Amino acid sequence: MANNSSSGRHLKTLETAAELVDIIQQQSGMSIESLAKELDLAESTIHGYVKTLENNGYLVYEDGKYHIGLEFLNKGGHARTRKPEYDFIISKLEDLAEQTGERVQFIVEENGKAYYVHTSIGQNAVQVDAHIGKVIHLHASSAGKAILAHLPEDRVKQILNQWGTPAYTQHTITSEEELLEELRTIQERGYSISDQESISGLRAIGVPICSQSSGHPLGAISLSGPAHRLKGEWFEQDIPDIVLAVVNEIELDLEYH
């Protein structure tokens, strides 16, 4: 049954379908029986959900399990390119990854979460889970913090109230007071630092890409690498200078493109 709340009207069937898809993704495939136990629903009910999703291309049945279907790729590809600025920003990342040899990500905020829109991989880049479409909390990454630092404070507090500040590692900032203080530092400095806050052993520098007219962040670029390599002057000065220069060029090009 749909319910009404201060956040809007919710359709229980759609919520269940979304939860079902999330579980299938997290488990890399599930059977109807397993889904029924996980969601505490009758197998006949689950069967109706999965067959409807399968018939529309959102699920595929293989090896006795239901998996995420390629129709999500169709929708994701559209979402990734629906803003023309994204393609232009993405075109600049390969050179940055090649110049530094590290992994470079373009991340945007939507519905209070950080979404990986593109990843470019340099010759020395480490293999981490940073696939296109990955979703994380904004406070736990350099790009996410760079974005938060350039959002209105009431919006930041709304995001933190909605999603919280869970710990990804022992280094993640989970105190709202400490996070807000760091966001003020990021505003002054122009870039953010993640010192093993999202993945242990990984450091990153994040720089927001802001609209010259509105000042609102379109997203952020982050450059990440292993802590043993991203250290000293290379991490504290050279990488921030390099990424800031690229973002400055992007912002100017977008303004006069």
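Because the structure is a prediction, the values reported are computed rather than measured.
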With sequence neighbours left out, the residues meeting side-chain contact (heavy atoms from CB on, under 4.5 Å) with Gln170 are none
Between CD1 on residue Ile205 and OG1 on residue Thr100, distance to nearest 0.5 Å | 12.0 Å
Do Thr52 and Tyr58 pass the side-chain contact (heavy atoms from CB on, under 4.5 Å) test, and can you show the C-alpha distance, the side-chain angles, and the key distance before you say yes or no?
-> CA-CA 9 Å; Thr52 300; Tyr58 294 104; over 6 Å; no
Would Val128 and Ile221 show up in the same hydrophobic cluster when neighbours are defined by side-chain heavy atoms closer than 4.5 Å?
-> no
Short question: side chain of Arg103, backbone of Val126 - any donor-acceptor pair under 3.5 Å?
-> yes
Side-chain contact, heavy-atom cut-off 4.5 Å: Thr119 with His131?
-> no
Which atom of Pro217 lies closest to which atom of Leu151, heavy atoms considered | CG-CD2, 3.8 Å
How about Ile23: does its CD1 atom have over 12 heavy atoms from other parts shown lying under 6.0 Å from it?
-> yes
Does the side-chain contact (heavy atoms from CB on, under 4.5 Å) test come out yes or no for Thr172 and His137, once each step is laid out?
-> CA-CA 11 Å; Thr172 308; His137 290 76; over 6 Å; no
Any Glu85 side-chain heavy atom under 4.5 Å of Ile250 side chain | no
With Gln105 as reference, evaluate Ser142, Ser224, Ser141, Ser120 under the side-chain contact (heavy atoms from CB on, under 4.5 Å) test and give the passing residue.
-> Ser224
Determine the minimum heavy-atom distance between Leu41 and Thr16, stating which atoms define it.
-> CD1-CG2, 3.8 Å
Heavy-atom check, side chain of Asn56 versus side chain of Glu71, under 4.5 Å | no
With distance as the sole criterion, is a donor-acceptor pair present between the side chains of His118 and Tyr86 under 3.5 Å?
-> no
Heavy-atom nearest pair, Ala114 first then Ile107, reads CB-CG2, 3.7 Å
Please answer whether the main-chain N or O of Leu244 pairs with a side-chain N or O of Asn248 as donor and acceptor at a distance below 3.5 Å.
-> no
So with a 6.0 Å cut-off around NZ of Lys75, is the heavy-atom count from everything else above 12?
-> yes
So, Glu197 side chain and Asp195 main chain: donor-acceptor pair closer than 3.5 Å or not?
-> yes
side-chain hydrogen bond (donor to acceptor under 3.5 Å, both in side chains): pairs with one or both residues in residues 227-246, sequence neighbours excluded = Glu102-Arg229
Sequence neighbours left out, what pairs pass side-chain hydrogen bond (donor to acceptor under 3.5 Å, both in side chains) with at least one residue falling in residues 38-50?
-> none
Distance col, row Gln99:CD vs Asp95:CG, nearest 0.5 angstrom, shows 8.0 Å
Kindly compute the distance separating CG (Leu59) from CD1 (Ile24), expressed to the nearest 0.5 Å.
-> 4.5 Å
Say whether Phe72 and Val50 are linked into one hydrophobic cluster, either directly or through other cluster members, by side-chain heavy-atom distances under 4.5 angstrom.
-> yes
What pairs of residues pass the side-chain hydrogen bond (donor to acceptor under 3.5 Å, both in side chains) test when at least one of them lies in residues 20-31, not counting sequence neighbours?
-> Ser31-Glu33, Ser31-Ser34
Side-chain (Ser194) to main-chain (Ala204) donor-acceptor, under 3.5 angstrom | no
Here the side-chain hydrogen bond (donor to acceptor under 3.5 Å, both in side chains) pairs for residues 154-165, sequence neighbours left out, are Glu109-Arg155, Glu153-Lys157, Arg155-Gln158
Side-chain heavy-atom pair Tyr66, Lys51 within 4.5 angstrom cut-off | yes
Which pairs count as salt bridge (Lys or Arg N to Asp or Glu O under 4.0 Å) when at least one residue sits in residues 110-119, sequence neighbours excluded?
-> Arg82-Glu110
Could you give the distance from CE (Met30) to CG (Leu35), rounded to the nearest 0.5 Å?
-> 5.0 Å
Hey, are the side chains of Asp253 and Lys92 touching, using non-hydrogen atoms and a 4.5 Å cut-off?
-> yes
Consider only side-chain heavy atoms of I, L, V, M, F, W and Y, link residues closer than 4.5 Å, and tell whether Leu218 and Val246 are in one cluster.
-> yes
Where the side chain of Ser222 meets the backbone of Gly206, is there a donor-acceptor pair that is under 3.5 Å apart?
-> no
Exam field: side chain Thr169 to backbone His171, donor-acceptor pair closer than 3.5 Å = yes
Considering non-hydrogen atoms only, spot the tightest contact between Leu254 and Phe88 and give its length.
-> CD2-CD2, 3.6 Å
Smallest heavy-atom separation, His150 atom then Pro208 atom, equals CE1-CG, 3.4 Å
Given the rule that I, L, V, M, F, W and Y join up when any side-chain heavy atoms are under 4.5 Å apart, are Leu223 and Tyr115 in one cluster?
-> yes
Any idea which heavy atoms bring Ile193 and Tyr191 closest together, and the distance?
-> CG1-CE1, 4.0 Å
Under 3.5 Å donor-acceptor, His78 side chain and Asn74 backbone | no
Check whether Val243 and Leu230 end up in the same hydrophobic cluster, where Ile, Leu, Val, Met, Phe, Trp and Tyr are linked by side-chain heavy atoms less than 4.5 Å apart.
-> yes
Supply the atom-to-atom distance Leu148 CG to Leu160 CG, rounded to the nearest 0.5 angstrom.
-> 6.5 Å
Rounded distance (nearest 0.5 Å) linking atom NE2 of His139 with atom OG of Ser198 = 10.0 Å
